[in-house]
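Positions are given from 1 along the sequence. Reckoned from all heavy atoms, side chains included, excluding hydrogens, waters and symmetry mates.
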Amino acid sequence: NDFVNKTQLVHTEDGKKELQGRVAAARLSSGTLDYTLGGLYFPPVNSMKQKQYDEVCTKIIKWFDAVLAKMPQRSIPIFAMDLNQDMPDRQTTFVDSKVVGHSVYGKSKNSIPSKLIEVLKVHGLCLVNTYFDAGETFYGTKDSKTRIDYVIAPDSMLNTFQKSYVHQR
């Protein structure tokens, strides 16, 4: 593949010590193609005291916003995210009576998804797997299941995605 052979690692970000293991990004460039690939890992909701949880999550969101803000406009951001919680109020969008997507820009009872949604809006990003019948990504005890893992990409690229699904359970 020409892209792989000619790709240069332009820049990496891994957050400050307090965020190491929770955030990472690498900008790759090859001729006219330029991507920023990254990951965000939010702690499970009940894994720490509420104040500490809110602080860690807020720092992750601020780091993500800062990375997006300093990326060159030509660089396409694609991030994988383990939010460890559901996003709020998926609203189904219809075109000619066919489902074309589910917006996650609804109101949330939890401030963390709301803060994240604001960053997504500002940077023109969407959660790709909310636009597909991608299935659940977390299977808990007593048959509980939910979607807590997401793929973040530009709204403008949504029509280029053909499928989003859970690869392995």
Value rounded to 0.5 Å, distance of [atom1] in [X] from [atom2] in [Y]:
| X | Y | atom1 | atom2 | value |
| --- | --- | --- | --- | --- |
| Ile76 | Thr36 | CD1 | OG1 | 9.0 Å |
| Arg27 | Tyr35 | CZ | OH | 13.0 Å |
| Ser156 | Leu125 | OG | CG | 9.0 Å |
| Asp82 | Arg22 | CG | CZ | 9.5 Å |
| Asp65 | Ile60 | CG | CD1 | 13.5 Å |

With a 4.5 Å heavy-atom cut-off, do [X] and [Y] have their side chains touching?
| X | Y | value |
| --- | --- | --- |
| Thr58 | Lys62 | yes |
| Leu127 | Met81 | yes |
| Leu68 | Val122 | no |

Problem set entry | Presence of salt bridge, Glu118 and Lys121, under 4.0 angstrom |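 Result for this pair is yes, salt bridge flagged.
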
Exercise. What pair of heavy atoms forms the shortest contact from Phe42 to Cys57, and how long is it?
Worked result: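 The answer is CD2-SG, 3.6 Å.
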
Exercise. What are the two closest heavy atoms between Pro154 and Pro77, and how far apart are they?
Worked result: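 Residues Pro154 and Pro77, closest heavy atoms: CD-O, 3.3 Å.
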
Exercise. Any sub-3.5 Å donor-acceptor pair from Ser75's side-chain atoms to Pro72's backbone N or O?
Worked result: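 Judged by distance alone, no pair lies under 3.5 Å.
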
Exercise. Should Ile61 and Met48 be regarded as members of a common hydrophobic cluster, given that ILVMFWY residues are connected when their side-chain heavy atoms come within less than 4.5 Å of each other, either directly or indirectly?
Worked result: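 Yes, Ile61 and Met48 fall within the same hydrophobic cluster.
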
For this session: Check the hydrophobic clustering (I, L, V, M, F, W, Y; side-chain heavy atoms under 4.5 Å; chains of links allowed) and say if Tyr41 and Val23 are grouped together.
Result: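 The answer is no; the residues belong to distinct hydrophobic clusters.
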
